[in-house]
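Everything numeric here is computed off the predicted structure, so don't read it as measured data.
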Amino acid sequence: MHTTATTSPDVTSPGVVLVTGAGTGIGRATARASARQGAAVVAVGRRPEPLRETAAEAPTAIHPHPADITAEGVPEELVRRALAGRSDGPRDATAVRLS
């Protein structure tokens, strides 16, 4: 696996994506843009209510998952969940794509 920094996430190919910080701001925009492009989105953030608001735009495509990614083992578990189905890799709100 390699890490590629980009100026914006590639949301042109459907798959399963993991978006951190998906409750607000750039994370919310990334989750919604990915869903509009046909991706199934695992939307991660610490607060459930903002994640539900993010998912409201595309409730069948955006799946809220409240979690603290700084907790031990949580990032690995989230990536395992996102990669369990078809996937084009995780994305985060800092616009670094792992693939």
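When every heavy atom of Pro75 is checked against every heavy atom of Ala71, the shortest pair comes out as CD-O, 3.5 Å. The two residues Arg28 and Pro50 come nearest to each other via the heavy atoms NH2-O, 3.0 Å. Closest non-hydrogen pair, Leu78 versus Ala67, comes out as CD1-CB, 4.3 Å. In this structure, Arg32 and Thr54 approach most closely via the heavy-atom pair NE-O, 3.2 Å.
In this structure, CZ in Arg46 is found 8.0 Å from OG1 in Thr70, a value given to the nearest 0.5 Å. Atom-to-atom distance recorded for Leu51:CG and Glu49:CD is 9.0 Å, nearest 0.5 angstrom.
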Margin query: Could you walk me through whether Val19 and Val44 satisfy the side-chain contact (heavy atoms from CB on, under 4.5 Å) test, starting with their C-alpha distance in whole Å, then the side-chain angles of each, then the deciding distance to 0.1 Å, before giving a yes or no?
Written below: CA-CA 6 Å; Val19 180; Val44 180; over 6 Å; no
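In this structure, Glu76 places its CD atom where more than 12 heavy-atom neighbours from other residues, nucleotides or ligands lie under 6.0 Å away.
Checked by atom type and distance alone, the side chain of Ser34 never pairs as donor or acceptor with a backbone atom of Ala39 at under 3.5 Å.
Side chains of Arg47 and Thr24 form a contact here, defined as non-hydrogen atoms less than 4.5 Å apart.
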